[in-house]
Amino acid sequence: MDIRRRPTNPPGGDGTQKKSPPPKASDALPLPLYLTNAVFFTLFFSVAYYLLHRWRDKIRNSTPLHVVTFPEITAIVSLIASFIYLLGFFGIDFVQSFIARASHEAWDLDDDAIIDQVQDHRLVTCPPSDPIITTLSSEEDEAIVRSVIDGKIPSYSLESKLGDCKRAAEIRREALQRMTGRSLNGLPLDGFDYESILGQCCEMPVGYVQIPVGVAGPLLLDGYEYTVPMATTEGCLVASTNRGCKAIYASGGASSMLLRDGMTRAPVVRFGTAKRAAQLKFFVEDPHNFDTLSVVFNRSSRFARLQSIQCAIAGKNLFMRFSCSTGDAMGMNMVSKGVQNVLEFLETDFPDMDVIGISGNYCSDKKPAAVNWIEGRGKSVVCEAIIKEEVVTKVLKTNVATLVELNMLKNLTGSAIAGSLGGFNAHASNIVSAVFIATGQDPAQNVESSQCITMMEAVNEGKDLHISVTMPSIEVGTVGGGTQLAPQSACLNLLGVKGASKESPGSNSRLLATIVAGAVLAGELSLMSAIAAGQLVKSHMKYNRSSRDVSKAASLSGGGGPSNQNDVEC
């Protein structure tokens with residue numbers, strides 16, 4: 001949100017507000033200026049589209065262009081009139097100043113309304129709980145802060161105007177504190193590379209949030225050991241996952257298998273009839289046309305490779321779910337570019353196709369959806385391990401039969417009674433979220449990435465435990481987005497999957513997906529054992545109920561070590 005406030009009129013000598021400035025030329029318009037502009041903009045582009053559409057039909061039907069109907073004459077007159085207005089509009093000084101003042105607003109208010117609004121706001125704003133500490137270093141910065149508050153400089157443009165991302169964040173932070181009357185003293189500002197997030201990770205920064213990163217492991221997976229970084233503020237989570245890793249390691253390790261690798265995007269298009277929508281469905285799904293569509297799609301990137309197109313019809317609306325491999329990138333932008341190429345190509349044979357949206361939620365991104373649970377999205381992984389009887393007894397403090405029964409009643413039956421969609425697990429989302437945040441993934445994609453079914457079965461004549469997790473839609477990447485930031489890149493490097501693989505494109509992201517599944521396997525094993533042994537509440541009461549005021553302790557110790565053993569016991 002833009003941080004700004006218009007200056008109020010200073011009071012006159014009699015204690016009243018000064019009168020508004022003299023009338024402007026725009027006051028003579030029958031409608032407010034922004035509405036008048038909207039009308040003429042809409043009129044101009046509408047009639048231009050109409051005329052182009054009519055001329056295209058005439059060319060196709062071999063009709064002379066100079067033969068015009070009454071609606072076409074009206075459209076031509078409207079086009080000329082709106083063009084004259086817009087040409088004059090952009091040449092008027094007062095309009096240019098109006099645009100500079102309110103170009104990023106969706107509405108305009110008169111000064112009296114703004115005064116009332118600001119006064120009312122100040123009446124209900126509570127006093128700050130902490131004193132506001134000013135960090136400005138020069139009078140020039142102070143002047144810029146006032147300009148931001150007054151609306152003369154948009155807050156979002158500070159980076160481009162100043163050329164210094166750190167300074168821009170500092171000025172924006174100060175303006176925000178003054179506007180809200182609230183202190184941001186506890187939010188760190190220094191020690192962060194704001195240049196690294198410009199244009200790719202976060203807009204209008206005012207600081208950064210610190211999340212502790214713990215490590216669980218070693219996780220013995222497919223014959224290799226991995227130390228898994230987990231960014232979380234939940235007590236016991238890392239410790240519990242670490243115990244699961246210990247049990248897996250002591251039992252000979254876990255194994256994983258990548259079942260599918262394909263990111264999806266599903267545009268929605270509309271036709272005049274359901275029959276036409278069905279015709280495009282048959283065209284797209286025809287194997288004879290797939291090679292052509294693949295060539296068009298794959299132009300978007302040297303890593304994008306179209307795998308399949310699955311269509312669904314709702315009346316005269318067609319949803320096309322494109323699936324493609326995306327190398328080591330998570331791939332949302334890559335697949336979107338490819339889809340756009342295909343849509344433009346299809347318009348040649350289907351000129352009556354109306355593209356409603358590049359995404360029609362049949363993908364489905366960042367939402368629980370059965371299509372992802374059934375068809376998969378991103379990386380589909382299954383991971384399994386056989387936990388020996390003595391490990392279940394000594395490390396997990398329970399027994400095989402109890403675990404199998406608990407898994408059936410909790411993860412399977414209980415989730416079914418709840419109507420869960422892909423939630424047949426104990427807490428897969430916990431581990432997925434922690435690893436995602438640590439490694440720079442999109443945290444919102446935890447929604448579908450945490451879809452998981454945990455299975456447990458007694459094997460080897462009932463002595464040992466076979467446990468598996470099946471996760472059909474883990475959406476991860478090792479390049480792009482937050483993976484390029486230094487802390488997240490360091491966590492990826494810890495796992496040995498930093499950046500893009502030069503030898504085998506896509507292998508790093510696929511390995512990361514299997515590590516996520518392996519960590520989930522460890523977390524599921526440990527939590528289910530804690531529940532079976534009655535340890536869940538006890539452990540959380542011991543390790544997740546600290547009464548220590550961390551903020552005050554940190555300020556007193558300068559961010560040093562813990563003051564007592566209980567704070568770090570887990």
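If you're wondering where the values come from, they're calculated on a predicted model, not measured in any experiment. Index from 1, following the sequence.
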Can you name the residues that form a salt bridge (charged side-chain N to carboxylate O under 4.0 Å, His left out) with Lys166, not counting sequence neighbours?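 With sequence neighbours excluded, Lys166 shows a salt bridge (charged side-chain N to carboxylate O under 4.0 Å, His left out) to Asp190, given in chain and number order.
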Salt bridge (charged side-chain N to carboxylate O under 4.0 Å, His left out) with Arg321: which residues, sequence neighbours excluded?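 Expected list: none.
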Crowded around Asn333 CG? As in, over 12 foreign heavy atoms under 6.0 Å?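 No, CG of Asn333 has 12 or fewer neighbouring heavy atoms, counting only those of other groups under 6.0 Å.
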Are Asp261 and Lys379 ion-paired here, with the side-chain N under 4.0 Å from a carboxylate O?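 Looking at Asp261 and Lys379, the cut-off is met.
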Salt-bridge contact Lys394-Glu389 (side-chain N to carboxylate O under 4.0 Å):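 No, no charged N to carboxylate O under 4.0 Å.
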Do [X] and [Y] have side chains that approach each other closer than 4.5 Å (heavy atoms only, starting at C-beta)?
X	Y	result
Val339	Met320	no
Leu176	Leu184	yes
Ser301	Lys337	no
Cys311	Ile309	yes

Ser323, Ser325, Ser380 screened by side-chain hydrogen bond (donor to acceptor under 3.5 Å, both in side chains) with Arg260, the one that passes: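 Of all the options given, the one that passes is Ser380.
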How far apart are the closest heavy atoms of Asn298 and Leu306, and which atoms are they?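 It is OD1-N, 2.9 Å.
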What are the two closest heavy atoms between Ile431 and Val520, and how far apart are they?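 Taking Ile431 first and Val520 second, the nearest heavy atoms are CG2-N, 3.7 Å.
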Return all side-chain donor-acceptor pairs below 3.5 angstrom for residues 402-412, not counting sequence neighbours, or 'none' if the list is empty.
from   : atom 1 : to     : atom 2 : distance (Å)
Thr402 : OG1    : Asn399 : OD1    : 2.8
Thr402 : OG1    : Asn399 : ND2    : 3.0
Asn407 : OD1    : Asn411 : ND2    : 2.7
Asn407 : ND2    : Thr454 : O      : 3.2
Asn411 : OD1    : Ala426 : N      : 3.3

Listing, residues 363-371 side-chain donor-acceptor contacts under 3.5 Å, not counting sequence neighbours, or none:
from   : atom 1 : to     : atom 2 : distance (Å)
Ser364 : OG     : Asn361 : O      : 3.4
Asp365 : OD1    : Arg377 : NH1    : 3.0
Asp365 : OD1    : Gln445 : NE2    : 3.0
Lys366 : NZ     : Asp442 : OD2    : 2.8
Lys367 : NZ     : Asp365 : O      : 2.5

Quick one about Asn317 and Arg270 (side-chain donor to acceptor, distance below 3.5 Å, no hydrogens or angles considered), yes or no?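 Yes, a side-chain donor-acceptor pair sits under 3.5 Å.
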Under 3.5 Å, side-chain donor or acceptor atoms of residues 485-506 against the rest of the protein: list the pairs with distances, not counting sequence neighbours.
from   : atom 1 : to     : atom 2 : distance (Å)
Ser501 : OG     : Ser504 : N      : 3.2
Ser501 : OG     : Ser504 : O      : 3.1
Ser501 : OG     : Ser507 : OG     : 3.0

Atom pairs and distances, side-chain donor-acceptor, residues 210-227, under 3.5 Å, sequence neighbours left out:
from   : atom 1 : to     : atom 2 : distance (Å)
Asp222 : OD1    : Ser256 : N      : 2.8
Asp222 : OD2    : Ser256 : OG     : 2.5
Glu225 : OE2    : Tyr249 : OH     : 2.5

For the pair Tyr362 and Phe319, name the ring-plane relationship: parallel under 30°, tilted 30 to 60°, perpendicular over 60°.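 Perpendicular, since the angle between the ring planes exceeds 60°.
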